[in-house]
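To start, the structure under review is shown below, and the notes come after it.
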Amino acid sequence: MVESSHNTVLHVADVHKTFGGLHALADVDLAFEEGTTHAIIGPNGAGKSTLLNVIVGKLPPTRGTVVLDGEVLTGKSPYEINQMGIARVFQTPEIFPELSVFDNVMAPAFAKRDGAFSMNLFKSIESEKDIAREAEEIIVDFGLDAMIHTHAGALSRGHKRRLELAMCLIQKPRILLLDEPTAGMSRHDTNTTIELLKKIKSSGMTKVIIEHDMHVVFSLADEVSVLAQGRIIAEGTPDEVRGDPKVQEAYLGGTYE
Amino acid sequence: MFSIPKKDAITFLLFALVVLTMPIWLSPFGASYPGLLQKFAIYALLAVGYNILFGLTGYLSFGHAAFLGVGSYAAVWSFKLLSMNPILALACAMIFSGIFALAIGYVSLRRSGIYFSILTLAFAQMSYKLAYSVLSPITHGENGLQLTLQDPRTIDLMFMERGVSLPTSSLFGIPMNGYEGFYFCAVILLIGFFIAQKIASSPFGMMLKGIKSNEDRMNYTGFNTKPYMLTAFVISGMYAGIAGGLLAVTDPLAGAERMQWTASGELVLMTILGGVGTLVGPVIGAWIIKYFENIFSAWNESILHNFFAFLPDNIEGFVVLISSKFVGEGWHLTLGSMFVLVVVFLPGGIMEGVRRISSWFLRRKDPTKDQEVVDPENMPKPSSEKGE
Ligand SMILES: Nc1ncnc2c1ncn2[C@@H]1O[C@H](COP(=O)(O)OP(=O)(O)OP(=O)(O)O)[C@@H](O)[C@H]1O
Ligand SMILES: [Mg+2]
């Protein structure tokens, strides 16, 4: 059950998204509570990534709105939505391959501090000691310090994912959206990532996590919503969802246990 | 504001040394006469500015010659209406090319990739054609814009009598043709190079590189990329305008052929040949192309005969016959082959070649230094994990 002591920070209100005749999202209504970790699970092609695309402004919904703290996000550009405190980790890592790991982490920190556009043409990056220190700290926390000056494009897939997470977290977003943060990772790397995510759980950030790996879902989530063919078919705590026969049929039956 | 990282400071000092001693080290190459030296400095400035757009953001403009032309016209008009002072002329060139770049950039940057390039090309060709037709009251069409004895030159004529011959541009009495003109261009080039260095090492420059690397990521990271792009476009347009202004300062006339698309294409070639995204590369590219255009194109068979005189007569005749196809009017053949070779074997341009050679030397000196950092996750998985 949703605890009433929490208040909704992000509300996806009756969102509908069609591609041609395909209903990728149908009447999706989701409330994300402040400070919780909310998992969204569902089979391939269920519409999970599409949901995140609608939230971050990559795709306009066919119908419905997304509301952050009473402010409508629908119609805003991705950069405005990020500036309002939403950061996203993509299903395939979106990083700056030609820039160093260090610069990859510095850039989002600049966006956070200086806003969407700032004309600091003549200030040297080397003089930005505060941001550099912050970036170094987070790079160490994420175990990427050995490759701090490597081009991000040369990193392994697992390290790229971790880097992208670091890029999001340096912004201290209110809401962090994670699209399968452990897909394709070894069990060891998955566990490291779970530990990292658990660590930031205590910081009060709201997290939305899309995940196939039930081990990850059950170790992190407070709330689970199940999406199948664009519809929410079940919602509740991990245990409730696990016991739901509809969910077993649509999804868990094959994957879990 | 004037502090730069140590590495950049060294680059700048070396660059300044190379530029200021050009009259000396270029003389064995037969390229140390003032007219050509001025062109070396001016086109280097153009390439440095172009690189702020193409090198840092990856947006390929095919219309920068238009800004060069606007700069030239603005400078000549400043001579005609106001004064022969080159600083004033360059200020006019900068302002007008900046306004022009703002308008063209605003529209062209609504698209990216090939569509952006085509839009800039279309605007530049339009300016070129208009300069011959509708705009000929301003550009004087095919005759080109020139000084006349009747020019008002209001500021100058407040202080001096109108002379009997056409005036030349001069800075506090120093004439802007000859070696003085070269040094004037060289100083402007060094200022431009310094500013480009500052931009490249600023947070702003980092954002431009971010746009080149992954523009979508920039948006999801909270950056509004449009104003970044537009600023870079206007800055590099102003560089081109100032370069055009310098062309007019050293030789006070302006013609529309400066705006033709081939001139823009040449600029792209310079940048790619030297090394996109590096500071020095485009300058080297500019110098090579200008050298070929002016010196190599003037080589003829008698020069080749002298050059190969050490060979036995019949071989000499054969070698001269073959190599004569590559010089003189055939200089495009040499330049073209060189361009193809560079693009195929050194995609990073001449600067990549320089880097490769220097790292090769370093490795020979210190074999431990160049060892690659091995990322454990990229290694093949050890078999121990199979047991799970
Ligand atoms: N931009 C698009 N244009 C057309 N169809 C799309 C687009 N994006 C997604 N789709 C379709 O919408 C459906 C939902 O896709 P989505 O990527 O949201 O699924 P998903 O739940 O994230 O799946 P997965 O687990 O494979 O990542 C799929 O059928 C997909 O083909
Ligand atoms: Mg997906």
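Quick caveat: nothing in here was measured; it's all calculated off a predicted structure.
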When the 4.5 angstrom heavy-atom criterion is applied to A:K112 and chain B, the contacting part is neither
Original post:
Within the side chain of B:N214, is there an N or O that forms a donor-acceptor pair under 3.5 Å with the backbone of A:I95?
Top reply: yes
OG1 of B:T221 to CD of A:Q83, rounded to nearest 0.5 Å, is 10.0 Å
If one checks every heavy atom of A:E128 against chain B at 4.5 Å, the contacting part turns out to be side chain
| Are any side-chain N or O atoms of B:S213 and backbone N or O atoms of A:E98, one a donor and one an acceptor, separated by less than 3.5 Å? | yes
Handout entry: Residues, nucleotides or ligands: over 12 heavy atoms within 6.0 Å of B:M351 CE
Key = yes
Cut-off 4.5 Å, heavy atoms of chain B, and the answer for A:M167 is side chain
Looking only at A:S77, A:P173, A:S118, most heavy-atom pairs under 4.5 Å shared with chain B are made by A:S118
- More than 12 foreign heavy atoms under 6.0 Å from OH of B:Y106: is that the case here? no
*Verify whether one side chain among B:N224 and A:Y79 offers a donor that lies under 3.5 Å from an acceptor in the other.*
yes
Between B:Y220 and A:E94, is a side-chain contact (heavy atoms from CB on, under 4.5 Å) present by the stated rule, with each step listed? CA-CA 9 Å; B:Y220 298 118; A:E94 290 275 352; 6.0 Å; no
Of the listed B:K226, B:M206, B:Q197, the one with the largest count of heavy-atom pairs under 4.5 Å with chain A is B:M206
CZ of A:F122 to CD1 of B:I199, rounded to nearest 0.5 Å, is 5.5 Å
CG (A:D114) and CE (B:M207) are apart, to the nearest 0.5 Å, by 7.0 Å
Scanning both residues in full, the closest heavy-atom pair of B:P203 with A:K123 reads CD-O, 3.0 Å
So with a 6.0 Å cut-off around CZ of A:R113, is the heavy-atom count from everything else above 12? yes
In terms of heavy-atom contacts, B:G222 and A:N82 come closest through CA-OD1, 3.2 Å
Scored by heavy-atom pairs under 4.5 Å with chain A, the best of B:G205, B:S201, B:A200 is B:S201
Applying a strict 4.5 Å limit to non-hydrogen atoms, the region of A:A107 in contact with chain B is both
ask   = Is B:F116 atom CZ crowded by more than 12 heavy atoms from other residues, nucleotides or ligands, each under 6.0 Å away?
value = yes
query: For B:K209 and A:D103, what are the C-alpha separation, side-chain angles and deciding distance, and is it a side-chain contact (heavy atoms from CB on, under 4.5 Å)?
result: CA-CA 10 Å; B:K209 291 175 203 163; A:D103 288 355; 6.0 Å; no
Per-residue tally against chain A (heavy atom, under 4.5 Å) across B:T225, B:N219, B:D8, B:I195 peaks at B:N219
Check your understanding: A:F96 versus B:M218: any side-chain heavy-atom pair under 4.5 Å?
Key -> yes
Walk me through it: do B:F204 and A:F117 pass the test side-chain contact (heavy atoms from CB on, under 4.5 Å)? CA-CA 9 Å; B:F204 181 85; A:F117 175 65; 4.2 Å; yes
